[in-house]
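Following: one structure in C-alpha cells, then a few remarks.
Numbers for residues simply follow the sequence, beginning at 1.
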Amino acid sequence: MDIVIKQLRKADFGKARNFAVEGMHLHWYASSKMEIYFYSKYFWYLEISKATQTLGAYMGDQLVGVLLADMKNEPTIFTSFWYKLYVKSVGFLINLGYSKASNNYESANSKMLEHFRNKHTPDGEINFFAVDPAIKGKGIGTLLLQELEREEQGKLIYLYTDSGSTYQFYLHRGFEMFEQHEIELQINRNIVELQCFLFSKRL
C-alpha cells in the first residue's frame with residue numbers, strides 16, 4: 001500500500017504521541033505507565049503548539065509517521081489554551097521530580113544552539129520526528145523529510161538528537177553534525193550516559 005504525506009489529523013494526536021514513547025525514549029523519564037502517559041502528553045502538547053509544519057505519513061487511513069517543524073515567520077497550525085495550560089502544569093511537576101535530568105539535557109542543547117547561531121541564521125527547527133516503531137524499512141522518514149524539503153526549499157534547519165536515537169538516519173540524508181556534548185542523566189537511581197547532537201541541513 002502506498003504511503004501518502006499530508007496534513008496531520010487532530011484525531012491522530014494520540015497515536016503520534018505513542019510513537020515518541022519508544023522512538024524518542026520518553027520512557028527513560030518515567031517509572032510507571034501513568035508517568036509515561038502524562039510525560040508523553042506533555043511532550044506532545046509542547047511541540048504541537050509550536051509547529052508551523054505538521055506532516056503526517058499515512059498508509060491508507062493509518063498514521064505511520066509524523067514530522068513537526070517550527071519555521072520562522074510562519075503561523076502555528078494547532079493552538080489551544082488547554083494545551084498551554086497542560087504544558088505549564090505538568091512541566092512544573094516534571095521540574096520537581098526530574099529537574100536534574102531535564103536540566104542537563106536542555107543545557108547541552110542550549111549551548112549547542114547558541115554556538116550554532118553564532119555562525120548561522122537558521123530558518124527553523126524540526127522539533128518532533130517519529131515513525132511507527134512497528135513499521136520499518138518502508139522509507140517513511142525519508143518521505144516526510146522530502147515533503148518538508150519541497151515546502152521549505154532553500155531554508156536552513158536544525159534539530160536535536162542523541163545517541164539513544166537512530167541519529168545515523170540524518171547523516172545518510174544530507175544533514176551535518178554541527179556539535180555534540182556528552183552528558184549523564186540520573187533517572188530513578190540509574191545513570192544514563194548520552195551524547196547530544198545538533199544537526200543541520202540546507203533544504
Would you please indicate yes or no on a ring centroid separation below 6.0 angstrom for [Y] and [X]?
X: Trp44; Y: Phe128; answer: yes
X: Phe78; Y: Phe13; answer: yes
X: Phe129; Y: Phe169; answer: yes
X: Tyr158; Y: Tyr160; answer: yes

Original post:
Distance under 6.0 Å and angle within 45° of the ring axis: does Lys41 meet both against Tyr86?
Top reply: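 Verdict for Tyr86: a cation-pi partner in Lys41.
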Subject >> Face-on cation placement of Lys6 at Tyr58 ring, 6.0 Å and 45° thresholds >> reply: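 So Lys6 does make the cation-pi contact.
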Closest non-hydrogen atom pair between [X] and [Y], with its separation:
X: Thr76; Y: Lys50; answer: CG2-O, 3.7 Å
X: Lys201; Y: Gly174; answer: CG-O, 3.7 Å
X: Pro122; Y: Phe116; answer: CB-CE2, 3.9 Å
X: Ala51; Y: Leu68; answer: CB-CB, 4.0 Å

Do the side chain of [X] and the main chain of [Y] share a donor and acceptor less than 3.5 angstrom apart?
X: Asp123; Y: Leu156; value: yes
X: Ser165; Y: Thr161; value: no
X: Arg202; Y: Gly154; value: yes

**OP:** Determine, stepwise, if the pair Leu159 / Asn127 fulfils side-chain contact (heavy atoms from CB on, under 4.5 Å).
**Re:** CA-CA 7 Å; Leu159 59 87; Asn127 55 345; over 6 Å; no
Original post:
Would you call the rings of Tyr167 and Phe197 parallel, tilted or perpendicular if under 30° counts as parallel and over 60° as perpendicular?
Top reply: tilted
Original post:
So which of Glu74, Glu125, Glu149 actually passes salt bridge (charged side-chain N to carboxylate O under 4.0 Å, His left out) with Lys155?
Top reply: Glu74
Original post:
Where do Leu55 and Val66 land on the side-chain contact (heavy atoms from CB on, under 4.5 Å) test, with the steps shown first?
Top reply: CA-CA 6 Å; Leu55 303 177; Val66 180; over 6 Å; no
Subject >> Thr54 and Gln7, any side-chain heavy atoms less than 4.5 Å apart >> reply: yes
